[in-house]
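Quick notes on the structure that follows.
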Amino acid sequence: EHPLLLDRFLEDAVEVDLDVLCDGRDVHPCGLLEHVEPAGIHSGDSMQVFPAQTLAPALRDEMLAVARGVAAATRAVGLLNLQFAVADGTLYLLEANPRASRTVPFLHKAAGAPWARLAARLMAGRTLAEVRPPEPDPRGRVWVKAPVFPFARFGVDPVLGPEMRSTGEVLGSGPTFGHALAKAIRATGCRLDETDAVFVSLNDRDKAKPQAAALARAVGESGLTVHATSGTASFLAAHGVDARVLDKLGEGRQGGGDAIALLARNQIGLVLNTPRGGKGRTDAAAIRMAALKAGVACMTTLEGALAAVEGMRALRAGGLDVAPL
């Protein structure tokens with residue numbers, strides 16, 4: 001009498017968007033977008049990169065084969081958006097939407113083709129052979145889509161989840177992923193390169209993940225000044241990274257100030273803070289809110305943190321270029 005709904009979740013899966021053109025018989029790819037954040041973050045709230053940075057060619061071919069099967073079974077005409085997840089080498093189809101997705105205007109610019117115009121012609125009765133769509137071409141660059149959130153305006157903790165909270169999107173492109181991501185983050189209104197210092201606070205669960213060790217290596221190789229909570233500082237030290245331990249909020253025992261004080265003095269350029277329940281979440285939320293107030297980029301997932309560090313390293317290695325669309 002009281003039914004239960006049981007959901008199965010994929011842990012640490014890579015999410016991918018694939019947009020294709022369909023004419024009712026065949027499909028043509030518009031581009032693959034790899035999500036920076038793991039599956040479970042709403043696709044509208046995740047950073048995405050084109051071309052995909054980590055997907056094997058065989059996996060891309062498998063996704064396109066799935067798209068052909070879905071398009072044929074549904075007789076889709078026009079644009080078809082498919083969302084995949086890759087976990088432990090297995091490909092999962094999360095959803096298929098026979099419509100234009102929010103990724104289409106991004107891919108229009110990044111892949112250099114008017115996909116919506118071509119889709120309209122297909123919906124008016126043309127075939128793929130007649131419209132002759134081009135192959136998606138990033139033109140030797142990397143393109144990053146980043147969401148824009150209203151968190152600072154409304155005083156909301158910027159933790160991402162399955163509910164979409166973004167209110168806009170921006171685009172950045174560059175010769176590398178780091179340069180493109182740095183441009184995108186800057187376009188959202190956050191600073192990323194004014195201070196060569198980073199604050200790191202990871203929850204215990206995340207410290208056990210391989211991405212955390214990769215983050216420690218990236219931070220250590222970046223040349224940045226590293227501030228951390230005591231527990232995270234010990235974790236970083238175990239991976240050969242020296243971090244300055246900051247005071248806990250409201251205590252002031254270490255004498256150097258807490259994270260909020262340093263953010264207020266513009267002495268932290270990036271916040272890497274993965275939340276997890278309890279009192280720690282309360283303090284962490286205050287730090288994330290302070291980062292918003294200071295206009296400093298704040299990453300709340302390991303994957304987002306790794307990407308942001310790569311962006312700071314790219315900025316330190318050289319300036320940003322300007323390229324026409």
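Counting from 1, the numbers follow the sequence of the chain as shown.
- Interatomic distance, Thr103 OG1 to His108 NE2, rounded to the nearest 0.5 Å: 13.5 Å.
- Thr127 places a side-chain heavy atom less than 4.5 Å from the side chain of Arg25.
- For the ring pair (Phe, Tyr, Trp, His ring centres under 6.0 Å) condition, no pair includes a residue of residues 35-88, sequence neighbours left out.
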Tabulate below the donor-acceptor pairs under 3.5 Å that side-chain atoms of residues 85-98 make, not counting sequence neighbours, or state none.
| residue | atom | partner | partner atom | Å |
| --- | --- | --- | --- | --- |
| Glu95 | OE1 | Asn97 | ND2 | 3.0 |
| Asn97 | ND2 | Asn81 | OD1 | 3.4 |

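- Residues passing the salt bridge (charged side-chain N to carboxylate O under 4.0 Å, His left out) test with Glu11, sequence neighbours excluded: Arg205.
- Residues satisfying the side chain to side chain donor-acceptor pair (under 3.5 Å) test with Glu310, not counting sequence neighbours, are none.
- Hydrophobic clustering (side-chain heavy atoms under 4.5 Å, transitive across Ile, Leu, Val, Met, Phe, Trp, Tyr) groups Leu215 together with Val49.
- Taking the side chain as every heavy atom from C-beta outward, Phe149 and Asp45 approach each other to under 4.5 Å.
- Judged as a side chain to side chain donor-acceptor pair (under 3.5 Å), and not counting sequence neighbours, Ser201 has no contacts.
- Under 3.5 Å, the side chains of Ser173 and Arg139 contain no donor-acceptor pair of N or O atoms.
- Here Thr274 pairs with Asn203, Asp206 under the side chain to side chain donor-acceptor pair (under 3.5 Å) rule; sequence neighbours left out.
- By the 4.5 Å heavy-atom criterion applied to side chains, Leu21 and Val27 are not counted as neighbours.
- Residues Leu80 and Asp19 have side chains not in contact (no heavy-atom distance under 4.5 Å, counting atoms from C-beta outward).
- Note that NZ of Lys207 and NE2 of His239 are 11.5 Å apart. Values are rounded to the nearest 0.5 Å.
- Listed by chain and number, the residues in a salt bridge (charged side-chain N to carboxylate O under 4.0 Å, His left out) with Asp26 are Arg68 (sequence neighbours excluded).
- Remark: the Thr232 side chain and the Thr229 side chain contain an N/O donor-acceptor pair separated by less than 3.5 Å.
- Proximity of Asp17 to Leu32: side-chain heavy atoms (C-beta onward) are nowhere separated by under 4.5 Å.
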Verdict with supporting geometry, Asp321 and Lys183, salt bridge (charged side-chain N to carboxylate O under 4.0 Å, His left out): CA-CA 10 Å; Asp321 68 341; Lys183 282 186 181 180; 3.0 Å; yes
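- Contacts of Glu221 classified as salt bridge (charged side-chain N to carboxylate O under 4.0 Å, His left out), with partners at least two apart in sequence or in another chain: Arg313.
- A donor-acceptor contact closer than 3.5 angstrom is absent between the side chains of Asp196 and Thr225.
- More than 12 heavy atoms of other residues, nucleotides or ligands lie within 6.0 Å of CZ in Arg99, so this atom counts as buried by the packing criterion.
- Judged as a ring pair (Phe, Tyr, Trp, His ring centres under 6.0 Å), not a single pair has a partner in residues 160-190 (not counting sequence neighbours).
- Hydrophobic clustering (side-chain heavy atoms under 4.5 Å, transitive across Ile, Leu, Val, Met, Phe, Trp, Tyr) keeps Leu79 apart from Val20.
- Considering only heavy atoms from C-beta on, Cys298 comes within 4.5 Å of Thr300 through its side chain.
- Applying the under-4.5 Å side-chain rule to Ile, Leu, Val, Met, Phe, Trp and Tyr, the cluster around Val170 extends to Val148.
- When the salt bridge (charged side-chain N to carboxylate O under 4.0 Å, His left out) test is applied to Arg60, no partner is found at least two apart in sequence or on another chain.
- In this structure, Gln211 and Leu306 have side chains that are in contact, with non-hydrogen atoms separated by less than 4.5 Å.
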Residues Ser43, Arg102; criterion side chain to side chain donor-acceptor pair (under 3.5 Å); working and verdict: CA-CA 9 Å; Ser43 60; Arg102 69 176 59 83; 3.2 Å; yes
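- Between the side chains of Gln48 and Glu34, not a single donor N or O lies within less than 3.5 Å of an accepting N or O.
- Within the structure, salt bridge (charged side-chain N to carboxylate O under 4.0 Å, His left out) contacts touching residues 166-177 (residues at least two apart or in different chains) are Lys145-Glu169.
- The shortest side-chain heavy-atom distance between Met299 and Met47 falls under the 4.5 Å cut-off.
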